[in-house]
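To start, the structure itself, in structure tokens.
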2 protein chains.
Amino acid sequence: MSCAVAIFDRLLQIALLIQDDMARYFADTALTPARTHLLWELNRLGPSTQQALATTLKVSPRNVTGLVDALEAEGFVIRRSHPRDRRALLVTLTDKGTQTIAEMEHERAQSASALIANLSSDQVEQLRQGLDSVAAQLESLVATADRKRTR
Amino acid sequence: MSCAVAIFDRLLQIALLIQDDMARYFADTALTPARTHLLWELNRLGPSTQQALATTLKVSPRNVTGLVDALEAEGFVIRRSHPRDRRALLVTLTDKGTQTIAEMEHERAQSASALIANLSSDQVEQLRQGLDSVAAQLESLVATADRKRTR
DNA sequence: TATTGTTATACTCTATAACTATA
DNA sequence: TATAGTTATAGAGTATAACAATA
């Protein structure tokens, strides 16, 4: 097997392991991966319309309705009416939601430092540069495929 | 944001991009990600019982029944009776299944070489070592969490 | 008694299409 | 006419529990 494929497969393996690790962050909450993702992006964006969330998460508006329904029922977010557009709703984190995200950010930081615990700062820098390059190449690969598909 | 968290988030981003890239491999087939995964593992294992597939994919036996139903309906696999255990079935790739996997392996090799196209062979070696270390750390992180959860 | 696979049931995540209220 | 969100419907992926056939 080529070295390139070995790196590709290793990245796949790491992707699965990261998912397993992150599942631990919300294991004790009523959250699921998709709901956690929405909560996370909502924290990053600030109060948002469901349209904006659908665009950010790259899912349908209908899907966002369901996710927000569940998050609202569990008290992580509330829907407020938009001050200037009476069609729209602003989804906003509650205190519980904000606190939950803060705990997850803390756990992510711990996982992240464990990740590189065995590497020298020089190796960490090399790794960061390598990953930057890989991400850039992958982005252009996927963008090219998208263009072909749209034609 | 710490350097460790930057690497963690970069790995997450790469995981998503790899998923997008791989979706392209079976875009023209009747396959979905879960069915493709089963097909891929089946190719790696050779003819297997559904129990073995459930264990490998870390999924319930009931789930495997559904995936194999769909793959059999589309002609990618067939169920054969097990020669020595009349309870069991051996799921086996058809010619169509084997050929589909071969094409996907070809595309993976192309993606993989594009991945590292901008790196020197020295940088590739550094990246490989960094990823090996990260994967090992992640595995022990997840294993520790599993032990705690089981207690 | 244990194991293999299936039927029954249910929940999450996702999509498209039709509809209402508002812009 | 277009946009924000919902109702209606459907399909994929997942799980547990009960059951039949076989080991």
Side-chain angles (χ1 to χ4, degrees), chain A residues 15-16 19-20 22-23 25-27 29-42 45 47-74 76-92 149, chain B residues 15-16 19-20 22-23 26-27 29-42 45 47-74 76-92 149-150:
Chain A
L16 292 175
Q19 272 180 26
D20 287 349
M22 293 183 71
Y25 304 171
F26 52 80
T29 70
L31 292 169
T32 60
R35 292 169 197 170
T36 306
H37 189 192
L38 191 151
L39 216 56
W40 192 270
E41 291 300 322
L42 186 56
L45 296 171
S48 308
T49 63
Q50 297 188 184
Q51 270 299 324
L53 289 168
T55 305
T56 301
L57 298 174
K58 292 184 183 124
V59 299
S60 65
R62 176 61 185 91
N63 195 350
V64 172
T65 298
L67 296 173
V68 172
D69 282 350
L71 287 168
E72 194 169 34
E74 297 289 339
F76 292 103
V77 304
I78 50 171
R79 287 173 163 109
R80 300 179 172 286
S81 50
H82 192 289
R84 283 180 308 283
D85 187 340
R86 281 196 295 172
R87 293 171 305 179
L89 297 169
L90 279 182
V91 184
T92 311
R149 193 152 37 73
Chain B
L16 291 176
Q19 273 179 26
D20 286 350
M22 292 182 73
F26 51 81
T29 69
L31 292 169
T32 60
R35 292 169 196 171
T36 306
H37 189 193
L38 191 151
L39 216 57
W40 192 271
E41 290 300 321
L42 186 57
L45 296 171
S48 308
T49 63
Q50 295 188 184
Q51 268 301 324
L53 288 169
T55 305
T56 301
L57 299 175
K58 294 189 181 116
V59 110
S60 67
R62 176 60 186 90
N63 195 349
V64 172
T65 298
L67 296 172
V68 172
D69 282 351
L71 287 167
E72 194 169 36
E74 297 289 340
F76 292 104
V77 305
I78 49 171
R79 287 174 164 106
R80 300 179 173 287
S81 50
H82 192 290
R84 284 180 308 283
D85 186 342
R86 282 195 295 170
R87 291 172 306 179
L89 296 169
L90 279 181
V91 183
T92 311
R149 192 152 36 73
T150 318

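Computed from a predicted structure; not experimentally measured. Every chain is numbered from 1 and lettered A, B, ... according to where its sequence line falls, protein lines coming before strand lines.
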A/Glu72 atom CD is separated from D/dT6 atom C1', nearest whole Å, by 14 Å
Taking side chain as C-beta onward, heavy atoms only, is B/Leu53 less than 4.5 Å from B/Ser48?
yes
Just the rounded figure in Å: distance from P of C/dT3 to NE2 of B/His82.
16 Å
List for me each residue that meets side chain to side chain donor-acceptor pair (under 3.5 Å) alongside A/Gln19, sequence neighbours excluded, and say none if there are none.
none
Residues which pass side chain to side chain donor-acceptor pair (under 3.5 Å) with A/Glu74, listed by chain and number, not counting sequence neighbours:
none
List in numerical order all residues of residues 47-66 of chain A for which some heavy atom is under 4.0 Å away from an atom belonging to DNA chain D.
A/Thr49, A/Gln50, A/Gln51, A/Arg62, A/Thr65
Length of the CG-C1' vector between B/Leu31 and D/dA12, whole Å:
13 Å
Could you check whether any side-chain heavy atom of B/Leu38 comes within less than 4.5 Å of a side-chain heavy atom of B/Leu71, counting everything from C-beta outward?
yes
So, OP1 or OP2 of C/dG5: does either fall under 4.0 Å of a side-chain N or O from B/Arg79?
no
Just verifying a value: how many Å separate B/Arg87 CZ and B/Thr49 OG1, rounded to the nearest 0.5 Å?
10.0 Å
Protein-nucleotide distance (A/Glu74, atom CD; C/dC11, atom P), rounded to Å
14 Å
Give the rounded distance in Å between these two atoms: CZ of B/Arg80 and C1' of C/dT4.
19 Å
To the nearest angstrom, how far is A/Leu67 atom CG from D/dT6 atom P?
12 Å
Does the pair B/Phe26 and B/Thr32 meet the rule for a side-chain contact (heavy atoms from CB on, under 4.5 Å), with working shown?
CA-CA 7 Å; B/Phe26 51 81; B/Thr32 60; 5.6 Å; no
Which residues satisfy the salt bridge (Lys or Arg N to Asp or Glu O under 4.0 Å) test with A/Arg80, sequence neighbours excluded?
none
Which parts of nucleotides 18-23 of chain C does protein reach within less than 4.0 Å, heavy atoms only, written one letter per nucleotide 5' to 3' as B for base, S for sugar-phosphate only and - for none?
---BBS
Suppose we screen for salt bridge (Lys or Arg N to Asp or Glu O under 4.0 Å). Which residues come up paired with B/Asp69, at least two apart in sequence or across chains?
B/Arg79
